[in-house]
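What follows is one structure encoded as C-alpha cells, with my remarks underneath.
Keep in mind that this is a model prediction, so the values were computed, not measured.
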Amino acid sequence: MNKSVLFSIIKKHDFSPNYKTLNDLYLPIIGTQAISLYNHLCNEADKIIDSTITYHGLQYLFNPFKITYNDFTKLRSLLEAFNLLETYYDVDKQCYWFKLNEPLSFKKFIDNQKFRHLLIKNISQFQYERLEYIYNNDRLPSKLLNVTSQFNQVFNEKEINDVFEFNFNELYANISKNSHQSIVLNTEVKSLISFYFCNYNLNINEIEHCVYEAIVNQDNMFIADYDLLQISFKKYINSFKNIDIFTKAKINRNAKIFYDSLDQYDFLQVYNSYNNLNSEQYYYAIKKTSLDDTELAIIKNLKEVYRLSDPIINIMIDFSLLKTKGILNAKYLYKMAKSVNGCNLQNISDMLKYLRHQFNLSNHYDEANLSLNNSSKEIHVFDIGEEKNKSW
C-alpha cells in the first residue's frame, strides 16, 4: 500500500451511536474486529474534530490492530454492508473519506429481512426472541393511567398551523426523481395523505413508500388509488410495535355533516377521521382523557356482538354524542346498532344518508313537543321501526 495515501473521517454533529444495538445486533454478524474498528473510527473522528488536523496517513488507522491493509479493507467492507460506514475517495489528493453512520434501532434493523435473517442464523431463534422481548417490553404496569400532556394541550396549534401543511411539491419531486414517473394524486388522496401526516407524524419518505404501494395504471396514467393507499397506510402504521395510538389521535368533527352541506375539503377531513381511526382512538380524541372500562366495553360490544366496523362505529359515536349531550350512552348506541344491521348499512356514505334523514325527523319531532315539561329527563333516541315517542 502507498504510504502517502491519506484519510479523514466525518460524522454528524449530533452523532450518537447506540452501543447496545451495536453489540446485540451487529456484533454477532460482522464480528468483534469489525465492531472494534467502528469504535476506533468514532474515536479518531473525535480527535480530528479536537485537533483540527484533517488528514492522517491511512496506515496510522489500522496499525494499532496489527492487521494488514487487506484485512482492514475486509473489515471496512463489513461495516459498509450494514451502512455503518460510507467510503469515498479523492483521486487528486489520494485521500479516503470515511463517513460514520449510527446503528439502526432494533425495529428498523429487524424490518430489514436480510439483516434479520443473518441475526437469527448467528444467534439462534431462541436468542432472537429473547432480544425481541427485551427491546419491545416497556415494563410499565398494565393498569397505569396515562396523564402525559399532549402537544396541543401545551401549544396553540393555530399559531403553528404551517407545521401541519404537507409539502406535496416535495413529494412530487421525490417520486419523479426516484421513479422517473409522474403520478396523479387527486383531492381525496391528498386529503388522506394530509390526515396520516398530521396524525402519525410520518415523514416524506414514509409517505412516499406508502404511495408507491397504491399506484395503478389507468388509461396510461399512473394514479394513486385511494383504497389501496388507505390499506398501505394502515399496514405501515400497524407495523409500529410500540406505537401509542391514543397519543397520536387528532380528528376533525363538524356537526353540519348531518344536516347541511360541507365543501369538499371539510367533508374529506371529517370523512378521513371516521375512516382511518379505530373506535377507541376516535373516542379518545374526542374525550381527551383515557377511556374507562365501561366505555371500552361499549365499543367492544359494538365490534364483537353487533359486528360493526370501526368507521361505522365512529360515525355512530359522533352522531350519538350530539343527541345524548356528549355522553357515550350504551342503550342509545346498541339500539342504533340494531337499526344499522337491520338496514344493512355497511359504509359511511349510506350511514350519512340515513343519519341525515333521522336528524331531520328528530328535529321535526322536537318541534312538535316543545310544550313538554322542560324538566323531563327522558332521552328521545335514534329509532327505526318503533314508536317515535318511546323513551328510556
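Residues Glu80 and Thr87 have side chains that bring a donor and an acceptor to within less than 3.5 angstrom of each other. Using a 3.5 Å distance cut-off with no hydrogens or angles, the side chains of Gln269 and Tyr271 do not pair a donor with an acceptor. Under 3.5 Å, the side chains of Lys303 and Asn301 contain no donor-acceptor pair of N or O atoms. A donor-acceptor contact closer than 3.5 angstrom is absent between the side chains of Thr21 and Asp24. A donor-acceptor pair shorter than 3.5 Å cannot be found between the side chains of Asp90 and Tyr96. Counted by atom type alone, Asn347 and Asp350 present one or more donor-acceptor pairs between their side chains at under 3.5 Å. Looking only at atom types and distance, the side chain of Asn341 has no donor-acceptor partner in the side chain of Tyr306 under 3.5 Å away.
Cluster membership for Phe168 and Met221, using ILVMFWY side-chain heavy atoms within less than 4.5 angstrom, is not shared.
Classification of Lys300 and Glu280 as a salt-bridged pair fails, no side-chain N sitting under 4.0 Å from a carboxylate O.
With rounding to the nearest 0.5 Å, the separation of CD1 in Ile193 from CD in Glu208 is 10.5 Å.
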Q.
Checking Tyr354 against Gln358 for the side-chain hydrogen bond (donor to acceptor under 3.5 Å, both in side chains) test, could you report, in this order, the C-alpha distance in whole Å, the side-chain angles of both residues, the deciding distance, and whether it holds?
A. CA-CA 6 Å; Tyr354 194 83; Gln358 292 299 318; 2.9 Å; yes
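No more than 12 heavy-atom neighbours from other residues, nucleotides or ligands sit within 6.0 angstrom of CG on Asp293. Other residues, nucleotides and ligands contribute more than 12 heavy atoms inside 6.0 Å of the CD atom of Glu295.
With contacts defined as side-chain heavy-atom distances shorter than 4.5 Å, the pair Phe82/Phe115 qualifies.
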